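Every heavy atom of this structure was used, including side-chain atoms; hydrogens, water molecules and symmetry mates were not. Remember, it's 1-based here, ligands and their atoms both numbered in the order they're listed. Small disclaimer: the values here were computed from a predicted structure and weren't measured.
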Amino acid sequence: MKKISLTTSIEVYASKDELPEKFEHLLDEAKKGLTKSYAPYSEFRVSAAVLLANGEILTGANQENAAYSMCLCAERVALSAASSEFPEVQIEAIAITVENKNNPVVAPAAPCGACRQVLSETEDRFNNKIKVILQGESGEIYLLNTAKDLLPLFFDGTFL
Ligand code: THU
């Protein structure tokens with residue numbers, strides 16, 4: 001028997017003005033995008049802003065449906081918008097933020113497993129690491145060097 005140890009290091013910032021300027025701006029864009037969330041059922045708003053290698057920023061917000069399984073996560077809305085508008089351009093970073101009027105989120109909210117898988121695929125597709133910036137409504141901000149830090153045992157096309 002042997003053991004494998006997996007470690008992740010996360011940069012933790014006390015406030016957004018300590019972040020590198022381009023990520024502070026990206027987080028601001030994500031916060032603005034919260035107004036585009038359609039979340040009448042959960043009332044949990046999520047917004048993601050992606051920064052492309054060409055400097056473009058695209059946002060996506062969660063889109064819910066009375067048929068709950070149809071709900072779209074903000075991260076995948078933003079990644080799909082980027083892939084549709086700029087299919088050849090790498091994604092450098094994604095900032096994700098949330099708002100829950102019923103239970104204010106005071107810690108970074110991390111993306112769901114499905115969104116982690118799509119982020120991992122996007123890294124493989126363009127052969128680059130995507131920085132991930134996470135903040136709740138307030139509180140500390142996490143900066144991860146690569147989306148794969150959120151999904152250590154990822155599934156990818158090499159298995160197929
Ligand atoms: N949601 C996201 O937009 N991203 C995630 O990574 C987790 C969950 C949305 C889906 C649904 O509209 C609401 O949050 C509650 O699950």
Side-chain angles (χ1 to χ4, degrees), residues 6 8-13 16 19 22-52 56-87 89-126 128-157:
L6 304 171
T8 302
S9 69
I10 300 175
E11 290 180 18
V12 181
Y13 294 84
K16 78 180 171 71
L19 282 170
K22 67 178 176 179
F23 298 146
E24 181 183 0
H25 178 61
L26 195 62
L27 191 55
D28 286 341
E29 292 302 305
K31 295 234 178 231
K32 278 191 224 160
L34 283 167
T35 58
K36 295 176 189 159
S37 161
Y38 174 66
Y41 303 104
S42 72
E43 297 187 68
F44 188 79
R45 293 172 176 268
V46 187
S47 173
V50 293
L51 172 65
L52 276 60
E56 293 279 347
I57 291 177
L58 294 164
T59 61
N62 57 329
Q63 306 296 320
E64 296 191 347
N65 193 290
Y68 290 168
S69 61
M70 304 290 104
C71 292
L72 301 174
C73 289
E75 296 88 333
R76 277 177 286 157
V77 172
L79 292 169
S80 300
S83 181
S84 304
E85 283 288 313
F86 300 100
V89 184
Q90 282 181 343
I91 293 176
E92 282 189 358
I94 183 167
I96 303 160
T97 192
V98 300
E99 182 182 78
N100 182 356
K101 294 223 160 71
N102 303 318
N103 180 22
V105 184
V106 295
C112 75
C115 291
R116 294 175 197 210
Q117 181 65 31
V118 175
L119 281 161
S120 173
E121 178 85 18
T122 308
E123 288 191 336
D124 296 342
R125 177 177 170 186
F126 294 107
N128 73 303
K129 291 178 176 173
I130 299 175
K131 305 251 190 213
V132 181
I133 299 109
L134 306 171
Q135 190 186 29
E137 287 165 69
S138 59
E140 290 179 330
I141 299 160
Y142 289 175
L143 172 57
L144 290 95
N145 191 39
T146 163
K148 286 199 169 54
D149 278 345
L150 291 165
L151 192 69
L153 293 179
F154 52 86
F155 184 79
D156 69 14

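In this structure, CZ on Phe23 lies 15.0 Å from CD on Gln135, to the nearest 0.5 angstrom. Taking CG of Leu19 as the start and CD1 of Ile141 as the end, the distance is 4.5 Å to the nearest 0.5 Å. Atom-to-atom distance recorded for Thr122:OG1 and Gln117:CD is 10.0 Å, nearest 0.5 angstrom.
Looking at Glu137, its side chain does come within 3.5 Å of a backbone N or O of Val105 through a donor-acceptor pair.
Residue Ser42 approaches ligand 1 through these ligand atoms, each under 4.0 Å from one of its heavy atoms: 13 (C), 15 (C). Within the listing of ligand 1, atoms 11 (C), 12 (O), 13 (C) sit less than 4.0 angstrom from a heavy atom of Glu64.
Which of Gln63, Arg76, Glu75 comes nearest to atom 4 (N) of ligand 1 through a heavy atom is settled by distance: it is Glu75.
Closest to atom 3 (O) of ligand 1 among all protein heavy atoms lies Ala74 N, 2.9 Å. Taking atom 16 (O) of ligand 1 as the reference point, the nearest protein heavy-atom neighbour is Phe44 CD2, 4.8 Å. For atom 9 (C) of ligand 1, the closest non-hydrogen atom of the protein is Asn62 ND2, 3.6 Å.
The one candidate from Leu27, Leu51, Ile57 that meets the side-chain contact (heavy atoms from CB on, under 4.5 Å) condition with Lys22 is Leu51.
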Would Leu134 and Leu144 count as a side-chain contact (heavy atoms from CB on, under 4.5 Å) if you check the C-alpha gap in whole Å, the side-chain angles of each, and the deciding distance to 0.1 Å? CA-CA 8 Å; Leu134 306 171; Leu144 290 95; 4.0 Å; yes
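Taking distance alone, with nitrogen or oxygen atoms compared against 3.5 Å, Cys73 stays at or beyond that limit from ligand 1.
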